[in-house]
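Accompanying notes for the structure given below.
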Amino acid sequence: MALFAGYKAEAEVPCNYRSELERWRLSMKWDRAPKSGDQDEDLLGRIAAGDVSAMRMMVARQLPRIVAVATRMLGDAAEAEDVAQETFLRIWRNAGGWRQRNARFSTWVHRVAINLCYDRLRRRKDVLAEHPPDIEYEGPAPDADLMSEDDPSRRVERALQMIAPRQREAIILVYYQALSNVEAAEVMDVSVDALESLLARGRRSLQGLLLKDEGDG
């Protein structure tokens, strides 16, 4: 996958996104990147002035968190990488404009990434509506015994893809991205009470799916 492939502005972003992505894959530190703060805001000021090294530092700091939230929203690692590319392209293009807004950077960057995820989820629905899938054999795959489906983390990730998107978003932001309820509510543009309601419904949905999965097993 070429750096920001498919965009006319590919040459605009002077950082080696691919090498950063490979470094992250090797480290596997999905949710351990430092949270946004003053350093990110300082970097944005430098990026707005065209500082190439600042953009490289921003990619190194934010790539794990952006890929993590997109992967959990979409359940597809390749699509998550595309979302990360578009997110960084928007950071590069809009760094100067962001500094004039009231939103914190952590709020803004999560909102950008999640909105891009929703765009892809909507396109999936459109494709399914236009081209319904063929009915196929639903029994166990020939290699089912070789796959570690009993891994609790995989069961939770699979169940996460089955709950309502807004519930999934709330759970990802609070429990995986480690945002406070106030920060997550800002990202989702809802009140804290509404966020807590989504969290409660999401937890119930996940619990029901996991219990059903155990019963079916």
Side-chain angles (χ1 to χ4, degrees), residues 4 9 12-13 15 17 20-21 24 29-51 54-75 79-122 160 163-203:
F4 295 96
E12 291 181 15
V13 184
C15 63
Y17 168 89
E20 291 294 343
L21 182 60
W24 166 75
K29 295 181 179 179
W30 280 59
D31 298 314
R32 298 178 191 173
K35 295 178 69 174
S36 299
D38 290 342
Q39 183 175 349
D40 287 333
E41 295 179 16
D42 291 342
L43 287 174
L44 277 172
R46 292 167 55 190
I47 291 168
D51 188 326
M55 189 63 201
R56 291 197 185 100
M57 292 173 65
M58 181 66 78
V59 171
R61 281 176 60 80
Q62 294 296 334
L63 179 63
R65 291 176 64 76
I66 293 173
V67 174
V69 70
T71 299
R72 291 190 172 105
M73 282 296 297
L74 298 169
E79 281 195 286
E81 292 177 13
D82 291 341
V83 165
Q85 289 187 80
E86 176 65 19
T87 301
F88 284 117
L89 184 61
R90 294 192 182 191
I91 291 173
W92 177 254
R93 287 175 169 171
N94 300 317
W98 175 83
R99 291 175 66 82
Q100 300 171 7
R101 301 186 181 106
N102 294 323
R104 289 191 291 264
F105 177 74
S106 61
T107 300
W108 180 74
V109 74
H110 275 91
R111 188 176 293 159
V112 168
I114 287 174
N115 284 343
L116 290 168
C117 290
Y118 278 118
D119 288 344
R120 289 175 177 271
L121 291 172
R122 281 190 290 269
L160 195 60
I163 67 176
R166 290 288 277 179
Q167 295 174 21
R168 180 162 71 246
E169 180 183 353
I171 286 174
I172 290 168
L173 291 174
V174 173
Y175 296 116
Y176 289 97
Q177 299 298 102
L179 299 187
S180 69
N181 284 10
V182 172
E183 290 171 323
E186 286 184 36
V187 172
M188 299 185 70
D189 196 22
V190 298
S191 68
V192 173
D193 287 344
L195 171 79
E196 291 174 349
S197 176
L198 285 166
L199 287 171
R201 282 183 281 151
R203 288 193 298 266

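All residue numbers refer to positions in the sequence shown, counting from 1.
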Practice task
Could you tell me the separation between the CD atom of E186 and the NE2 atom of H110, rounded to the nearest 0.5 Å?
Solution key: 12.5 Å
Problem - Nearest-0.5 Å distance that lies between atom CG in N94 and atom CG in L89 - result: 8.5 Å
Problem - Short side-chain to backbone donor-acceptor contact, T87 and V83, under 3.5 Å - result: yes
Exercise for the section: Would you indicate whether the side-chain heavy atoms of L173 and I114 approach each other to under 4.5 Å? Expected result: yes
Practice task
Supply the atom-to-atom distance F88 CZ to M55 CE, rounded to the nearest 0.5 angstrom.
Solution key: 6.0 Å
Handout entry: CD on Q85 to CD1 on I66, rounded to 0.5 Å
Key = 11.5 Å
Practice task
State, yes or no, whether a side-chain contact exists between Y176 and L160 at a heavy-atom distance under 4.5 Å.
Solution key: yes
Problem - Validation row: R46, M57 side chains within 4.5 angstrom (heavy atoms) - result: yes
Fill in the blank from the handout: Looking only at heavy atoms, the pair that brings A48 and A95 closest together is N-CB, 3.8 Å
Problem - 4.5 Å side-chain heavy-atom contact, L195 and V174 - result: yes
Handout entry: Residue pair V112, E86: steps toward the side chain to side chain contact (heavy atoms under 4.5 Å, CB included) verdict
Key = CA-CA 9 Å; V112 168; E86 176 65 19; over 6 Å; no
Problem - Non-hydrogen side-chain atoms of L43 and F105 separated by less than 4.5 Å - result: no
Handout entry: Nearest atoms (heavy-atom pairs only) where A113 meets V69
Key = CB-CG1, 4.3 Å
Practice task
Please name the pair of heavy atoms, one in L74 and one in C117, separated by the smallest distance, quoted to 0.1 Å.
Solution key: CD2-O, 3.6 Å
Handout entry: Side-chain touch Q177/V187, heavy atoms, less than 4.5 angstrom
Key = no
Exercise for the section: Under the side chain to side chain contact (heavy atoms under 4.5 Å, CB included) rule, what do R168 and L121 come out as? Steps first, then yes or no, please. Expected result: CA-CA 13 Å; R168 180 162 71 246; L121 291 172; 3.8 Å; yes
Exercise for the section: Would you indicate whether the side-chain heavy atoms of V109 and R65 approach each other to under 4.5 Å? Expected result: no
Problem - Point-to-point distance, once rounded to the nearest 0.5 Å, from CE of M58 to CD1 of I47 - result: 4.0 Å
Practice task
Kindly indicate whether the side chain of L199, heavy atoms from C-beta on, has any atom under 4.5 Å from the side chain of I171.
Solution key: yes
Problem - Minimum heavy-atom distance between Y118 and E169, given as atom pair plus value - result: OH-OE1, 2.6 Å
Practice task
Please name the pair of heavy atoms, one in Q167 and one in G202, separated by the smallest distance, quoted to 0.1 Å.
Solution key: OE1-CA, 3.4 Å
Practice task
Show your reasoning for whether side-chain hydrogen bond (donor to acceptor under 3.5 Å, both in side chains) applies to Y175 and R72.
Solution key: CA-CA 12 Å; Y175 296 116; R72 291 190 172 105; over 6 Å; no
Exercise for the section: Quick one: do L44 and I91 satisfy side chain to side chain contact (heavy atoms under 4.5 Å, CB included)? Show the steps, please. Expected result: CA-CA 8 Å; L44 277 172; I91 291 173; 4.0 Å; yes
